[in-house]
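What follows is a set of notes on a single structure, which appears directly below.
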Amino acid sequence: MTPLLTEAAVGSVPDAATRAALLADDPLWLILLKCVVILLIGPIMTIFLIVWERKAVGRMQNRPGPNRVGPGGYLQSLADAIKLPFKEQIIPDTADRKVYFLAPVMCVVPSLIALSAIPFGPVVSIFGERTVLQLLDLPVSALVILACSSIGVYGIVLAGWSSGSPYPLLGGMRSAAQVISYEIAMGLSIVAVILQAGSLNLADIVGKQQPAWFLYLVPSFVIYLISMVGETNRAPFDLPEAESELVGGFHTEYSSMKFAMFFLAEYVNMVIVSAFATTLFLGGWMAPWPLSLIGNNVLNTGWWPVLWFFAKMFVLLFGFIWLRGTLPRLRYDQFMRLGWKVLVPLNLVWIVMVTFAKVITWNTTTIIIAAVAIFIVVALFFYVRAAGREEESESIPVTGGGFPVPPLDLKVPQTTPRQKALAKAEAKAARRKPAAVGTAQEGAQDGVS
């Protein structure tokens, strides 16, 4: 056993060299066990989240939700998961069958792979073998998560195109534009975290949060929360699946197990972005502040950190459910405007401020200059917004474009221009119509008699 392994005590926070040595020393059975557990986290969490969401939204809307299958209806999702593989599979005649079959797989597989880079805990002992609760420890594991979460959009686009139907195609194109827009905002939101931690390795980022979580990077955290809702196509940003416009979106023509795979990908993506946010901003597997003081930090040792990690992740997952039960769906132009004109510029300004704060030596003069600069930036932001609103108010709405609001003194005419034109045409036709011959003869006979 190497000296690095003898130094790594159970429950400790290992450095990069110790993690590498521990993972390299894992026996084959332990690697297979980690792989199976990581692959099972997604389906198990999906079954739980679906029934939890239906029960929670039902509670918000003053109705019971699922209440037939199992105690309290909590086995409804399990029954659905068993039923869906046996449902009849319907494939459109116009579908490109190879791409049609490949699209759901492209959505699910990257989602399941992404969890392998998440650190779930410190050094633990599994059947006498010391290891870290992580399958892969890569120097750029943060980029691996972003890459896996963005690859799934290819499956959505291919599903919409291969179905051979216009509504799925529109849903797939919407999803492509949506993910590209909010992937940029999400990627920029983690730059401040990387600058603070000095690493792209998620385990190193967790270790840097021992004195204080990166929750104080509030703008990055808020932008990440908004971006992760848009990235996962969840309400109020569920525009690729807008039932009122696109029937069901990109998966309209899918049924049976392929339809279930799209749902699996959506909920696994929710788990991934929540676990990613927990790792980046909420201290990862570390216990919250009051609990971390108990017993000389004993709650950060052993298997306790796994509990804290999943507790933080469930809080973020409940945020998805809460949003779905409270907010209406946005218009597509509002949604894209929020991503490109608000989140991305704010991110860029915030990154500049964080970089400035790290490289500048702080004293009274520097603080005053920074405060003045922040005031000028905020004033310019509100001035530009006010100027934009004035220009919009002075512009004339064009028929067929935008969303013009009717004036308050609008008078509805009694007859429409079309009705007036029809009446005028009928009167002209009546004047041109000759008198009936039979009627004139009848009138002459009446006069003779």
Side-chain angles (χ1 to χ4, degrees), residues 61-63 90 92-95 156-157 159-178 181 230 233 235-255 323-342 384-449:
Q61 298 174 350
N62 197 23
R63 54 184 178 81
I90 301 172
D93 290 336
T94 56
I156 293 175
V157 173
W161 176 79
S162 64
S163 297
S165 180
Y167 289 126
L169 180 60
L170 288 173
M173 297 307 295
R174 276 190 176 189
S175 183
Q178 177 169 332
S181 304
N233 298 335
F237 300 153
D238 54 340
L239 295 163
E241 306 172 15
E243 295 88 354
S244 58
E245 308 140 28
L246 302 177
V247 184
F250 57 90
H251 53 63
T252 301
E253 305 292 349
Y254 281 86
S255 59
L323 289 175
R324 180 171 183 174
T326 53
L327 295 181
R329 181 182 294 127
L330 270 70
R331 289 200 320 258
Y332 196 73
D333 61 316
Q334 294 173 332
F335 174 72
M336 298 302 287
R337 187 184 300 117
L338 174 65
W340 287 105
K341 293 187 176 181
V342 178
V384 170
R385 283 183 61 88
R389 287 176 181 173
E390 288 179 1
E391 291 178 1
E392 290 178 1
S393 62
E394 294 174 358
S395 61
I396 300 173
V398 180
T399 304
F403 296 88
V405 179
L408 295 178
D409 57 347
L410 177 66
K411 295 180 180 180
V412 180
Q414 297 295 328
T415 56
T416 63
R418 180 173 176 78
Q419 290 173 342
K420 290 180 179 179
L422 288 174
K424 188 176 180 180
E426 289 175 359
K428 187 181 293 186
R431 287 197 303 268
R432 290 179 179 178
K433 186 176 181 181
V437 177
T439 306
Q441 290 178 353
E442 291 174 359
Q445 291 175 2
D446 290 340
V448 171
S449 63

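Everything numeric here is computed off the predicted structure, so don't read it as measured data.
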Of all residues at least two apart in sequence or in a different chain, which pass the side chain to side chain donor-acceptor pair (under 3.5 Å) check with Gln61? Arg63
Give a yes or no on whether the backbone of Gly171 and the side-chain of Ser175 come within a donor-acceptor separation of less than 3.5 Å. no
In Å, rounded to the nearest 0.5 Å, how long is the span from CZ of Arg329 to CZ of Phe335? 11.5 Å
Within this structure, what is the OG1-CD distance for the pair Thr94 and Glu253, rounded to the nearest 0.5 Å? 7.0 Å
Working to the nearest 0.5 angstrom, can you tell me the gap between Asp333 CG and Leu338 CG? 11.5 Å
First locate atom OG of Ser162, then atom CG of Leu169, and finally report the distance between them rounded to the nearest 0.5 Å. 10.0 Å
Closest heavy-atom pair and its distance - Pro328, Pro236: O-CB, 3.1 Å
Compare every heavy atom of Val157 with every heavy atom of Gly172, then report the nearest pair and how far apart it is. O-CG2, 3.6 Å
Look up atom CE in Met336 and atom CZ in Arg174, then write down how far apart they are to the nearest 0.5 Å. 10.5 Å
